[in-house]
Amino acid sequence: MASSPVVEWRQVASPNSVVSSFPLSGSAFSGAIPVGTSSNVFSLRVYNNFAVAASIADALSCVLAVYDDTIHEGQAATTATSAKYVNVQVTDYNGISTGADSAYYAIGGATKHPLPVNGGTLGGATANYATVNIKVVIPATATQGNVSQGLWIEYSSTS
Amino acid sequence: MKQWSDLADPVTLDPGFSVYLTRQKCEKLACGFDGEGMDVILQAPEDVQFLSFTRYAQAVSTLVDLPPKWLYTVFGYALGQQVILARLSIPDKISGTREIEHLYLPRPVSFPW
């Protein structure tokens, strides 16, 4: 029986270190994102079985989601979540762009973004990854603020 | 992905059918379907907090039209707010038991504006 998938957020650049948070910033004072503009783009990879361990299961039906925090799956009470400030774009699977997104998708709460590459599966037989671009688009009508949300990748596996 | 609320046309499941969902190492949820195929009762172990439920939650939708190998999102209600309970894949045959894991990996994304 295969072991659970080993899914990790990692940097694009070698040695692909694990990424623990995704700070995004803009061009205004102290990195604030001016309303009506976008933040910098943060690119990273979502890996399954980076260490190439034996008998690791596939991560199936992978979905990118944003909730209010990193604890409460499904919670979308804050404006930044419900108004979908965070945008994602999946650009490739193991460097191959077949099925990849040509645009960004705004996500938050029940509005999620299934991984469009490789049928939504991060294979576990070896190190496989999908590259994801993340940015924030602040509406022109937003009032000043700051937030720490949770960017989630939800998936399943069967045995 | 088809949402729970999109489903229609109830089907009957075998009595005693159950699916066990395991949430990343420590959280476990037993999901039992009744023999009429109408309700889904989700029961979290007492010692586990599951999405802020302390013990029980009951899905409000009927259990319907479950083609095999489909993956569903199971919603429930807590404190009047709809939340995701689990993502559930249906085995090839709608009977028997299968081990399924619902997994996730959240990371903070922060930004000022």
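As the structure is a prediction and not an experimental result, all values here were calculated from the model. Side chains included, hydrogens not; waters and symmetry mates left out as well; all remaining heavy atoms used. Labels below follow one simple rule: chain letters A, B, ... track the order of the sequence lines, proteins then strands, and each chain is numbered from 1.
- In the hydrophobic clustering of this structure, A:Val63 does not group with A:Tyr129; members are Ile, Leu, Val, Met, Phe, Trp, Tyr whose side-chain heavy atoms approach within less than 4.5 Å, directly or through other members.
- A:Ile33 and A:Tyr104 fall into different hydrophobic clusters, where Ile, Leu, Val, Met, Phe, Trp and Tyr residues are linked whenever their side-chain heavy atoms come under 4.5 Å apart, directly or through other members.
- Only the side chain of A:Val35 comes within contact range of chain B, with at least one heavy atom under 4.5 Å from a heavy atom of that chain.
- Residues A:Leu115 and A:Ile56 do not share a hydrophobic cluster, clusters being chains of Ile/Leu/Val/Met/Phe/Trp/Tyr side chains in contact below 4.5 Å.
- A:Phe22 meets the ring pair (Phe, Tyr, Trp, His ring centres under 6.0 Å) test with A:Trp9, A:Phe42; sequence neighbours excluded.
- Classified by interplanar angle (parallel below 30°, tilted 30° to 60°, perpendicular above 60°), the ring pair A:Tyr85/B:Phe111 is tilted.
- With a threshold of 4.5 angstrom between heavy atoms, A:Leu24 approaches chain B through its backbone and through its side chain.
- Only the side chain of A:Val136 comes within less than 4.5 Å of a heavy atom of chain B; its backbone N, CA, C and O stay farther away.
- Both A:Ile153 and A:Val19 are members of a single hydrophobic cluster when ILVMFWY side chains are connected at heavy-atom separations under 4.5 Å.
- Residue A:Val86 touches chain B through its side chain alone, counting heavy-atom pairs closer than 4.5 Å.
- A continuous path of ILVMFWY side-chain contacts below 4.5 Å connects B:Val109 to A:Val7, so both sit in one hydrophobic cluster.
- In terms of heavy atoms, B:Arg107 sits closest to A:Thr70 at C-CG2, 3.5 Å.
- Here the side chains of A:Thr37 and B:Trp113 are not in contact, with every heavy-atom distance at 4.5 Å or above.
- Contact annotation for A:Thr143: only backbone heavy atoms (N, CA, C, O) come within less than 4.5 Å of a heavy atom of chain B.
- What you find for A:Ser148 and B:Pro108 is that their closest heavy atoms are OG-CB, 3.9 Å.
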